[in-house]
Amino acid sequence: MDSVVLMDKQGRKRLVRLGAGMLNVEGLGVLDSAKVSSSIGKPVEIAGRKFLVLSASLTDHLENIERGAQIVVAKDSASIVQRCDIMAGDLVVEGGSGSGALTLALAHAVFPDGRVVSYELREDFAGIARRNVAAAGLSGAVEVRLGDITSGITERDAKAVVLDLPEPWLAIPAAWNALAPCGHIASYSPTMEQVKETVRALKALPFVEIRTTEILEREIEVKETGVRPAFAPIGHTGYITTARKVLETLS
Ligand code: SAH
């Protein structure tokens with residue numbers, strides 16, 4: 001086991017990367033890795049304080065991600081994974097990596113035998129994405145490649161190409177070439193202008209089932225005094241456009 005979450009009585013969580021032997025964790029003191037990893041689902045005492053030991057989930061890694069670019073959140077990445085039919089063993093091409101939040105969700109879905117090749121223009125973001133992927137224990141399934149995805153994708157027969165770029169429409173010809181027949185493309189964009197250009201580019205090539213949605217998520221507070229939506233407003237994230245590559249359309 002690579003990482004665990006230590007949860008205190010107030011529900012505050014701390015992601016801890018376990019190593020061999022004794023570990024000195026800042027603000028916590030010294031803990032015994034073997035004792036912690038054999039206490040999943042149970043409390044342990046560290047420096048006189050009690051913590052519940054949880055196995056680290058994808059959500060835990062996403063909550064602790066080092067941020068550079070704006071990240072894609074779970075409601076959107078989960079929908080992208082399902083609509084692109086991404087499963088264990090698949091080859092997925094992504095552009096750009098940004099902080100690697102979407103990369104983590106994609107890698108988690110193709111793990112352990114699949115592969116995500118994620119193109120990133122900027123060296124600093126490539127570094128952040130690689131660190132986040134490594135911290136989540138998913139390096140074996142991910143290659144963050146420095147490069148411009150709009151100037152070509154080396155991979156062929158990909159199950160899916162997933163885009164989160166300022167100008168995704170420029171990458172659509174390269175995506176068509178990289179996809180296997182009936183492979184899926186997904187593009188995530190914050191503005192409707194981007195969606196319009198993207199759909200126009202998809203319609204210019206043999207793609208079918210072109211569809212754009214916005215996913216809204218509302219937290220529900222469950223209390224003895226009443227069950228109702230939280231007061232927090234529903235924030236905008238992005239629109240998701242998906243389509244499937246075919247070799248020829250019906251004329
Ligand atoms: N989906 C990411 C965020 C991506 S932000 C996440 O969840 O963390 C968009 C990223 O695309 C930026 O890092 C930017 O540098 C990169 N980018 C922009 N144009 C690109 C291009 N043509 N090829 C590759 N990467 C590109």
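In each ligand, atom 1 is the first atom listed, and ligand 1 is the first ligand listed. In this text the structure is predicted, and so the values were computed from the model without any measurement.
Heavy-atom proximity to T150, at under 4.0 Å, picks out these atoms of ligand 1: 22 (N). In summary, the atoms of ligand 1 found under 4.0 Å from a heavy atom of F125, numbered by their order in the structure, are 13 (O), 15 (O). Of all atoms in ligand 1, numbered sequentially from 1 with element shown, those under 4.0 Å from a heavy atom of A69 are 5 (S). Heavy-atom contacts of L102 reach the following atoms of ligand 1: 1 (N), 6 (C), 7 (O) (cutoff under 4.0 Å). Atoms of ligand 1 lying under 4.0 Å from at least one heavy atom of G147, given by number and element, are 23 (N), 24 (C). For ligand 1, the atoms sitting less than 4.0 Å from at least one non-hydrogen atom of G96 are 4 (C), 11 (O), 25 (N), numbered in the order shown with element in parentheses.
Between P168 and L163, the closest heavy-atom pair is O-CD1, 3.8 Å. Here the closest heavy-atom approach between residue Y188 and residue I240 is recorded as CD1-CG1, 4.2 Å.
Residues E214 and H236 have side chains that bring a donor and an acceptor to within less than 3.5 angstrom of each other. No hydrogens or angles considered: nothing links the side chains of D76 and S79 as a donor-acceptor pair under 3.5 Å.
A continuous path of hydrophobic side-chain contacts links L62 to I86 [ILVMFWY only; heavy atoms under 4.5 Å]. In the hydrophobic clustering of ILVMFWY residues, with side-chain heavy atoms under 4.5 Å counting as a link, V72 and M192 come out apart. Hydrophobic cluster membership differs between V110 and V161, with clusters built from Ile, Leu, Val, Met, Phe, Trp and Tyr side chains linked at under 4.5 angstrom.
Around CD of E26, the count of heavy atoms belonging to other residues, nucleotides or ligands within 6.0 Å does not exceed 12. Atom NZ of K75 has more than 12 heavy atoms from other residues, nucleotides or ligands within 6.0 Å. Crowding of R67 atom CZ: a count of heavy atoms from other residues, nucleotides or ligands under 6.0 Å not exceeding 12. Remark: R228 CZ is packed, more than 12 non-hydrogen atoms of other residues, nucleotides or ligands lying under 6.0 Å away.
At least one N or O atom of S99, backbone or side chain, sits closer than 3.5 Å to an N or O atom of ligand 1.
For atom 26 (C) of ligand 1, the closest non-hydrogen atom on the protein side is L165 CD2, 3.4 Å. In terms of protein heavy-atom proximity, atom 23 (N) of ligand 1 is nearest to I149 N, 3.1 Å. Remark: minimum distance from atom 21 (C) of ligand 1 to any protein heavy atom is reached at D148 OD1, 3.6 Å. With respect to atom 14 (C) of ligand 1, the closest heavy atom belonging to the protein is E120 OE2, 3.5 Å. Closest to atom 7 (O) of ligand 1, if we only count protein heavy atoms, is V72 N, 3.0 Å. Annotation: atom 25 (N) of ligand 1 to nearest protein heavy atom, L121 N, 3.2 Å. Ranking the protein heavy atoms by distance from atom 18 (C) of ligand 1 puts P166 CD, 3.6 Å first. Ranking protein heavy atoms by distance to atom 2 (C) of ligand 1, first place goes to S97 O, 3.4 Å.
Between E193 and K196 no salt bridge is recorded (no basic side-chain N to carboxylate O distance below 4.0 Å).
In this structure, G100 counts as a contact residue of ligand 1, since one of its heavy atoms falls inside 4.0 Å of the ligand. Residue-ligand proximity: S77 is placed with every non-hydrogen atom at 4.0 Å or more from ligand 1. Ligand 1 has at least one atom lying under 4.0 Å from a heavy atom of Q70.
Under 4.0 Å from ligand 1, not a single heavy atom of E167 appears.
Comparing L106, L104, D164 by heavy-atom distance to atom 4 (C) of ligand 1, the nearest is D164.
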